[in-house]
Structure formats: structure tokens, C-alpha cells
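A quick write-up on the structure given underneath.
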2 protein chains.
Amino acid sequence: MNKTIYDVAREAGVSMATVSRVLNGTAVVKEETKAKVLAAIELLGYRPNAVARGLASKRTKSIGVILPDVSDLFHAEILRGIEDIATMYQYHIILANSDAREAREIDLIGTMWEKQVDGLLFISEKITPDIVRTFEQAQLPVVLCATDDPEGRIPAVSIDNQSAARDAVDYFLEKGVRRIAYLGGPTAHPVTMERLKGYTAAFQAAGLPFDQELVLHADTLKYEDGYAQAKRFLDQGHTAEAVVAASDELALGYLNAVRDRGGKAPDDVLLLGFDNTRLSTMTRPELSVIAQPTYDLGAVSMRLLTKLLNDEQIDEYTVRLPHSIIERTSTQRNETAAEDPNR
Amino acid sequence: MNKTIYDVAREAGVSMATVSRVLNGTAVVKEETKAKVLAAIELLGYRPNAVARGLASKRTKSIGVILPDVSDLFHAEILRGIEDIATMYQYHIILANSDAREAREIDLIGTMWEKQVDGLLFISEKITPDIVRTFEQAQLPVVLCATDDPEGRIPAVSIDNQSAARDAVDYFLEKGVRRIAYLGGPTAHPVTMERLKGYTAAFQAAGLPFDQELVLHADTLKYEDGYAQAKRFLDQGHTAEAVVAASDELALGYLNAVRDRGGKAPDDVLLLGFDNTRLSTMTRPELSVIAQPTYDLGAVSMRLLTKLLNDEQIDEYTVRLPHSIIERTSTQRNETAAEDPNR
DNA sequence: CTGAAAGCGCTAACAT
DNA sequence: ATGTTAGCGCTTTCAG
């Protein structure tokens, strides 16, 4: 059997309450007795049992993180941000992969409740009514990360996907490029559909038409699907001057599909990735991207959650982090300058 | 306040002990009363509190995972394997990043103990005596993953790094290549040093000398350091016919360093990566690699841990998973066939 | 097959 | 400033 707070109390000649006090700093303890307690703790090699503490205090100092897949680079980077801030605030992470399946997500919210997590960080492709209902039933503080609740009822941290995509199109438009394709995700995926809205909005705002056949939907945001979709597109004889992809992997898929048929970027097509994962600097040409502050998405949402948990003053329940375009080689035409000086 | 087992008992007109029994299947309960209990649970929307359960039973059904960095692709893939098997056995994962810093690792083992995890999965670059001692003090079942205890006292799942590297060198030797470089990690990193041993052993076994200047040590296994190290090497006027890298990222760094000075793989250098992360098929040329069963490394170590926890019969406390060479384009000389027909 | 009762190790009033 | 006393919600003997 292991040491308990009671053993420490006896060793130090005080009551267990006093030990608890020096452990948690919940009340002032005389320097002298505090020293005795600390000495006893040291002597016995005592460590508090967090489970017992959790039961008694109703706060476990652990937070649940539900995400589609840790082995996805984008999620893994977010998770790192979450973890760092969690550590800073003494929280632990209970991790679960959902594979973006709603049934599993709902199930996981339940088991997270059972684990008595203090709060939940939720990363998903789509926030459905059933999920929102489950949040409400669970009565858990939740922050959405890299996703939005369409109704805006749940605190969330994300970028403005629509204007990010719009900026991307504008970026090409300003270069004088018109035949711009959008290589997005499945139509059931709100985040990338939001980007599609931005894509079309940019054309509309510029008073330009756009070709519906230039809108591609890959089954996922993964490389393989990007490649497959690009190959199909190109095999059908279509072409694009530029492509705005909904992820770095998708852009890479397009890039390699072009290359595998003898083409080349940026000579034959200008490519813009999305996310700015580490991937984008590992390729040749290096991938220009619409950068999301991936790590910060995680860090900020965790910070927001701590505020929720401590009843701190909160200015914004929905925070939009800034995006930006990072220009690397995949969009640099050899004959044109990086920036169009006009306008 | 939330529903407790007591509420269910009253609703069903039985004692809490009986409710506990149907919940856990710890004893036979009459079908009829079981049905009543189940109905009450359903009616109240009752969910057991895992923290209370953990305190009473001394088993939390959660296991701690300590790894250097989730945002590293290799670790993230391992973690996915861990998670899947953990889910299968109803365990939850408490995740913590150590940044491979010993002090932090030791600290984390302690906090994992506080959390009363049932077991620990430990992924690190180096198992030091202090870490081993901490394991012993914590009295936690531990399985090392993708690492070994040099003394072999701790259950571990990994590949045979030495023979993997040796196979890599032999692979090139059989192609008639002699000037083979090794692009490894820091000298303080046992796993990659083990690979270096295999590298030198291959030359010795073949009765061939090897050039010490062809042994490169990058500061980490990351792309950036691979690039930097390769650039330095090439800038100094060195060359290699082939390079065996200690990670896919390192190989990619070399690849791009070559490319950025106008060279090309496989024409100017044959490149073999290590790990077979998703990266290796996303590059052009596609990277030939020494494949580790990354996902399985996680899955098998988690499975081993469940055996430890359930006192199942265990045949091997140290399991070696098989590695293999996957031949893609980065080692395919245009003029030579994939396989040397002789021998 | 089921109930009563005693903890698990800690926090948090409530006293003093 | 410190001690006493109830629980937190469950599992687990021990009876019956």
C-alpha cells in the first residue's frame, strides 16, 4: 500500500487537514509547521493521489481533447499547442481520436464526462445538432478548435476561412491570373465549404465569372485524395492556371499529379496550399500557402478554456485568429515579380 | 448535482451493490432485477463516475503516454496505434510531451503516478539510469516503445535498428555502390547510434573500408537539420554516391540540399530514408526507405501493456518488430535494374 | 442472488 | 492557525 496524506500527518505530528493546506495553499499555515509537513512529505516520498483529490474536490485538472486523427499533421500541431498551454495551467490531456465520425464523437463526449474532465476541447469537421445537444446534456465547458458552431452558441477559436480563401483568389487575380481552380474537401465538410464561399465571393466582387468545372472536391484533405482528384481533372483535359487548395497535402497532391505527367510548378501551374504545415517547406518547389496559426489555434483555445474554467472575464467567446499568405516558390512565376506593383 | 448509483438503486428498488454488479458484471444478477436496473439507468440517464470508480477499485482504466513531441509525424503515427488498441481494451490515454528532456520525463512519470494511471507507455530517445530508477519507484507497469532499455530490464517494443541499418548498407553494396554516407542523429541518441553500428558492421562484414567523413550527425532527426548537415557536407566539397538517413525527414533534407545546388536524386545520389512516414510518398522522387511498422510499434506496445495489466501469459518481454526496405524512386538508378540479378 | 457497511484518499466546511 | 468531521460516488468484502 502507498503513503497517504494520513501517514504524512502522523509523521509531521499534525492533522491531515493541515497537510492538505500546505499541499494546496488553501489557507495560511505557520512557517514552522509547514516546514515539518514538507519534511515529512520528503521523508516518506509522498505524492498526493489525484483521483482521490478529484473525487473530493470535483475537479480533476484534466481536460478532454477529441479530434479526428492525431496522426494528421495539422491536428498534431494543434494538439501540441493545446498541450503546452495545458501544462502551463497544470492540466492534463485525455486524448481521443474520433475519425470525424459523429457517433463516435458523441460517444466520446460521454466517456469524457465519465472521466470527469473539467472541460473539453473539440476539433471536428462538422458540428451537428446532435453534438451540440450532447454538449448541453454533458454540461461540460467546451471550446471548439479550428471549427465553428454554425449557430455560434459554443465558444470557438478558428480563422476566418471564407476571407482566407477570398484573399487567396484575390492574390492570384492581382497577378492577372483568371483560371483559378479550387481543390477543396468533401461537400459535407463545412470548413472547406466556407472556403469555397470565399472563393466564389472573390470572383463576384471582382465582377468576374468563374468556371464551375474548376471546383474540385477531394474525398478528404489528404495527399492521396488530392493527387487522385488532380489526376482525374488533368486526365479529362482540364487545366488551371492556378489552384487554391484546402490543405497543404491537397496542394502537394496536385503538384505531384502535374509533375507525374511531365509538368512543373510554378511554370505550368501556380499552387497555393492551405495551413502552412511543416510539409510546405519540405517540398520543391516550396509551397506558397495560406497560413493558419496552427499551434496557436490549439494554444488559444486551451487558454480560452482555462478562462471558462476559472470564471475569468472573457471578452470574446468566438475568437478569429489571423491568417496570412506566405509566398514561397510555388506561386512565383519566373517572369513576374512577386508583387504586382499596380494597385 | 448529478445522478449517482444511489439514485439508480432507489429508482430500481434495489441496493447500490446490485446496481454496481450489473454495471460491472462482477456477479450474477437475476435477469428480472437486471432489467429493472437497466431501465432505471436509462430513465435517469445515469453514467458512472469514473473517478469514484477509480478511487474505490484502484484501477483507473487510463494509461499514460509520454513521448518527445506529438507534432512529430513518427510519434503521431505511433500514438495512433497506441490509441486504437487502448480504445479496444477500454483504456484512455493521458498524453504528455517531454521534448525528450530527461528532467521533464522524470517529472512526468511522477505526475502520471499521481493520476493513478494503470500503466505507462514510454517513448524516448534515451533511457537513462535515473529514468529506470523512477520507473521502479513509481511501481508502474511500463512498456518502452520504439526505444530499448540498454540493460533490457524493461519490456520494450522496437525494431532491430542495427540490422536495419546494416540491411540498408548491404542493399547499396549489392548494387555495387561503395561511397555510402550515413546521415544520422546526435551522438547522444542511442537509437541512431545503434543504426550507425549497423552501418559500420556492414562494411566490416563485406571486408570493405569506409570513410569516416561520410558519417554525418544532424542535431535532430528533423528536416531542417538534415538539410543543414547535408549542405555543410556538400559545400565542403564532399560527395556520396548513396546516403542512408536515420529518418525520412533527414533524407528529405539531403535530397533538397542536393537539388538546391542543381543536383538530382536518384541521378546524382541514391537516397534511403528511414521510418516510412507518409512523407516518403509525397515527395518526388518518392523516397525509398527502411520501413518501420510505425503504427504497429504503438499498437503492439499497447497490447503488451494490457497483457502486463491483466497478468496474461507473456512470451517475450522484449519484442522486435520486422523492418523492411521499400524500394521507390530515390534509389532507382535509371540505367540499373531494381535488383541486382547476381547473388 | 442480494443487501449492509466499510472504506478508497482526499477536500472542505465547521469548530476551536 | 489548526483539528474534527463529513462526505465525494463508487467497489468490495461479508452476511444472509
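As the structure is a computational prediction, the values presented were derived from the model and not from experiment. Lettering follows sequence order; numbering is per chain, from 1.
- With a 4.5 Å cut-off on side-chain heavy atoms, B:Leu79 and A:Leu95 count as touching.
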Check against salt bridge (Lys or Arg N to Asp or Glu O under 4.0 Å), A:Lys126 and A:Glu105: CA-CA 11 Å; A:Lys126 186 171 187 173; A:Glu105 290 173 330; over 6 Å; no

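- Between the P atom of D:dT2 and the OH atom of A:Tyr6 lies a distance of 18 Å, rounded to the nearest Å.
- Within residues 25-48 of chain B, the residues having any heavy atom under 4.0 Å from DNA chain C are, by residue number, B:Val28, B:Val29, B:Lys30, B:Thr33.
- Dashed line: the shortest gap from a side-chain N or O of B:Asn49 to OP1 or OP2 of D:dC8 is not under 4.0 Å.
- For the side-chain contact (heavy atoms from CB on, under 4.5 Å) with B:Pro293, the qualifying choice from B:Ile159, B:Val300, B:Ile78 is B:Ile159, the only one to do so.
- Within 4.0 Å (heavy atoms only), B:Val14 reaches sugar-phosphate atoms of the nucleic acid but no base atom.
- Separating the CD atom of A:Gln116 from the P atom of C:dC10 is a distance of 18 Å, rounded to the nearest angstrom.
- The one candidate from B:Ile131, B:Leu67, B:Thr147, B:Leu140 that meets the side-chain contact (heavy atoms from CB on, under 4.5 Å) condition with B:Phe122 is B:Ile131.
- Of the side-chain N and O atoms in A:Asn2, none sit less than 4.0 angstrom from OP1 or OP2 of C:dG9.
- Contact between the side-chain N/O atoms of B:Arg53 and the OP1/OP2 oxygens of D:dG9 is not found at any separation under 4.0 Å.
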Protein N or O to nucleotides 14-16 of chain D N or O, pairs below 3.5 Å:
none

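- You'll find the side chain of A:Thr318 stays beyond 4.5 Å of the side chain of A:Asp149, heavy atoms only.
- Listed pair B:Ser15 / C:dT2 fails the phosphate criterion, with no side-chain N or O lying under 4.0 Å from OP1 or OP2.
- Rounded to whole Å, the distance from CD1 on A:Ile5 to P on D:dT5 is 17 Å.
- With sequence neighbours left out, B:Arg320 forms a salt bridge (Lys or Arg N to Asp or Glu O under 4.0 Å) with B:Asp148.
- For B:Asn24 and D:dT13, the CG to P distance is 13 Å, given to the nearest whole Å.
- In this entry the distance linking CE of A:Met16 with C1' of C:dT11 reads 8 Å, nearest Å.
- Of the candidates A:Leu121, A:Ile63, A:Val319, A:Leu121 is the only one forming a side-chain contact (heavy atoms from CB on, under 4.5 Å) with A:Val143.
- Distance, B:Trp113 CH2 to C:dG9 P: 9 Å, rounded to whole Å.
- Relative to the axis of its first five pairs, the axis of the last five pairs of the helix from C:dC1-D:dG16 to C:dT16-D:dA1 sits at 30°, rounded to 10 degrees.
- Under the rule for a ring-ring contact (aromatic ring centres under 6.0 Å, His included), B:Phe74 has no partner lying at least two apart in sequence or in another chain.
- The side-chain hydrogen bond (donor to acceptor under 3.5 Å, both in side chains) search around A:Ser20 returns A:Asn24, not counting sequence neighbours.
- As rounded to whole Å, 9 Å separates atom P of D:dC10 from atom CG of B:Asp7.
- Residue B:Glu151 places its CD atom among more than 12 non-hydrogen atoms of other residues, nucleotides or ligands, all under 6.0 Å distant.
- When B:Val65, B:Ile66, B:Ile94 are each tested for a side-chain contact (heavy atoms from CB on, under 4.5 Å) with B:Leu120, only one passes: B:Ile66.
- Dashed line: the shortest gap from a side-chain N or O of B:Ser20 to OP1 or OP2 of D:dC10 is not under 4.0 Å.
- In terms of phosphate contacts, B:Lys58 brings no side-chain nitrogen or oxygen within less than 4.0 Å of OP1 or OP2 of D:dT12.
- Annotation: of the two residues near DNA chain C, B:Ala52 and B:Ala17, the 5′-most nearest-nucleotide partner is B:Ala17.
- Following rounding to the nearest Å, A:Arg10 (CZ) and D:dT4 (P) show an atom-to-atom distance of 14 Å.
- You'll find the side chain of B:Tyr295 reaches within 4.5 Å of the side chain of B:Asp84, heavy atoms only.
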